[in-house]
Amino acid sequence: MIYISEEESAALVTHELAFEATRQALVASASRQNWVFPAVLGRTHDATNTFSIKSGSSDDLTGVKIGSFWSGNPARGLPRHNSTIVLLDQHTGRLGAVIEAGKVNAYRTAAADAVAADLLARKQAKVLAIFGAGNQAGFEVMALARVRPIETVLVVARPSSRRDALVDQIGERGLDARAAVPEDAVRAADIVVTATPSREPLFDAAWVGPGTHIVSMGSDAPGKRELPSELFPKARLFCDLLSQSVQIGEFQHVRDEINAGRLAVTPIGDVIEKRAPGRRFDNEITIFDSSGISLQDLYMADALIRAKASQH
């Protein structure tokens, strides 16, 4: 049985590794030979401590990812978010690998958004608006800056030391970063990323200019909502996995319209494999719902195991 600790996985992971593994996972998710099973959402007796179990299988990988959010952890000197990936032996069903993947999970999530942006955002996209100043925000910025010539980052979050720290952190990477109010940020942005626990739209559809690419990353449970649904008929819609997106992702709020065929949603794996077009025109608005799928975790685990083996 292979074991990789949190410290080891954090040292092994890179944006490059995450991008390639996630790209493979998104291709796999759009094929018929792979399965992603419904996510299980749970909590403890303290309702602020929550966890999710995401499982899946492909031709050569089977397993689960347990993601947890323990609200009181900062007081213990620990991150709120944690993640553990368990791979089963394909032949016996016994334990094949256990990988602690708290930091890895942030790379994996940002990588999916970078893979999609590389296909959907305008080539010259320079201004990024990020809603939220939590754990994920900095990873999103860095992953997107790898695939587009980002120069300016507008951070939309309530005034706090965490927001200011994020602005400073982005600035240290050589980007022009500053806090902004929602309307100014959305109107100025080439790419908008929402990374919040919101349950209502974060901005007005009228603020979104032609050619904008939008990523909803925070909607990953029933009731969560970040985008104005009035925007969807004006945009081309993409997702990581439609069956999950309409249950716990951003498109849960337009499930009836999608089921009735009034709104079309394209899996990003079909775009990668050239079965469907990505961005067609400079003035198209594109939306990617990034609900986070188990195959990303399984492929990340496999990539980390190979990275560790190559060190020896």
Side-chain angles (χ1 to χ4, degrees), residues 26 29-30 109-110 112-132 140 144 147-148 150 154 156 182-196 198-220 224-272 274-293:
L26 291 168
S29 71
T109 301
D113 302 336
V115 169
D118 199 30
L119 298 161
L120 302 177
R122 284 178 297 176
K123 295 289 184 196
Q124 67 273 29
K126 293 178 180 174
V127 181
L128 168 63
I130 179 100
F131 280 73
E140 296 287 326
L144 289 166
V147 300
R148 287 296 180 270
I150 302 298
L154 305 173
V156 183
E183 182 172 357
D184 292 349
V186 173
R187 287 189 183 279
D190 300 306
I191 302 174
V192 177
V193 177
T194 56
T196 75
S198 179
R199 289 180 171 267
E200 57 188 38
L202 297 165
F203 55 87
D204 192 310
W207 302 344
V208 178
T212 306
H213 174 60
I214 298 168
V215 179
S216 169
M217 187 235 92
S219 294
D220 60 357
K224 287 191 175 183
R225 185 176 206 166
E226 297 182 299
L227 307 184
S229 297
E230 306 83 57
L231 185 61
F232 298 159
K234 306 174 189 173
R236 291 184 62 225
L237 311 181
F238 301 83
C239 68
D240 45 17
L241 184 73
L242 185 57
S243 60
Q244 183 170 289
S245 177
V246 297
Q247 291 301 321
I248 63 173
E250 189 64 40
F251 296 146
Q252 63 184 283
H253 306 291
V254 286
R255 188 184 311 151
D256 291 346
E257 288 91 329
I258 291 168
N259 289 341
R262 292 190 294 274
L263 286 176
V265 183
T266 303
I268 200 69
D270 283 346
V271 181
I272 298 170
K274 297 185 166 51
R275 290 189 293 267
R279 173 172 290 276
R280 299 171 303 184
F281 317 112
D282 261 8
N283 62 355
E284 279 186 324
I285 296 170
T286 53
I287 297 173
F288 177 60
D289 181 31
S290 184
S291 63
I293 56 173

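Predicted model only: the values in this text are computed from it and were never measured.
Across all non-hydrogen atoms, the minimal contact from G292 to Q244 is O-NE2, 2.7 Å. Summarising the geometry of M217 relative to E140, their closest heavy-atom pair is SD-OE2, 3.5 Å, with the distance given to 0.1 Å. Residues A117 and V147 come closest through the heavy atom pair CB-CG2, 4.4 Å. Across all their heavy atoms, G209 and I285 have their closest contact at O-CG1, 3.7 Å. Of all the heavy atoms in A189 and A129, the pair that sits closest is CB-CB, 3.7 Å. The minimum heavy-atom distance between T109 and S290, with the atom names listed, is O-OG, 4.4 Å.
Counting only residues at least two apart or in different chains, salt bridge (Lys or Arg N to Asp or Glu O under 4.0 Å) contacts with residues 236-263 comprise R236-E284.
The closest donor-acceptor contact from the side chain of D190 to the backbone of K126 lies under 3.5 Å. Between the side chain of T194 and the main chain of V215, a donor-acceptor pair closer than 3.5 Å is present. With hydrogens and angles ignored, the 3.5 Å screen pairs a side-chain donor or acceptor of R148 with a backbone N or O of A121. A donor-acceptor pair under 3.5 Å links the side-chain atoms of S198 to the main chain of R225, judged by distance alone.
Taking CD1 from I214 and CG from L120, the interatomic distance works out to 11.5 Å, rounded to the nearest 0.5 Å. Between the SG atom of C239 and the CZ atom of F288 there is a distance of 7.5 Å, given to the nearest 0.5 Å. The distance from the CD1 atom of I191 to the CG atom of L154 is 12.0 Å, given to the nearest 0.5 Å.
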### Task
Please lay out, stage by stage, how I272 and L119 fare under the test side chain to side chain contact (heavy atoms under 4.5 Å, CB included).
CA-CA 8 Å; I272 298 170; L119 298 161; 3.6 Å; yes
### Query
Does the pair R122 and R279 meet the rule for a side chain to side chain contact (heavy atoms under 4.5 Å, CB included), with working shown?
CA-CA 8 Å; R122 284 178 297 176; R279 173 172 290 276; 3.8 Å; yes
### Task
Show your working on side chain to side chain contact (heavy atoms under 4.5 Å, CB included) between K224 and D220 and close with a plain yes or no.
CA-CA 7 Å; K224 287 191 175 183; D220 60 357; 2.8 Å; yes
### Derivation and outcome, side chain to side chain contact (heavy atoms under 4.5 Å, CB included), residues L26 and I293
CA-CA 9 Å; L26 291 168; I293 56 173; 4.2 Å; yes
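Within the 4.5 Å cutoff, the side chain of L128 has heavy atoms near those of the V193 side chain. The closest side-chain heavy-atom distance from V265 to F232 is not below 4.5 Å. I258 places none of its side-chain heavy atoms less than 4.5 Å from the side chain of L237.
With sequence neighbours left out, F203 forms a ring-ring contact (aromatic ring centres under 6.0 Å, His included) with F131.
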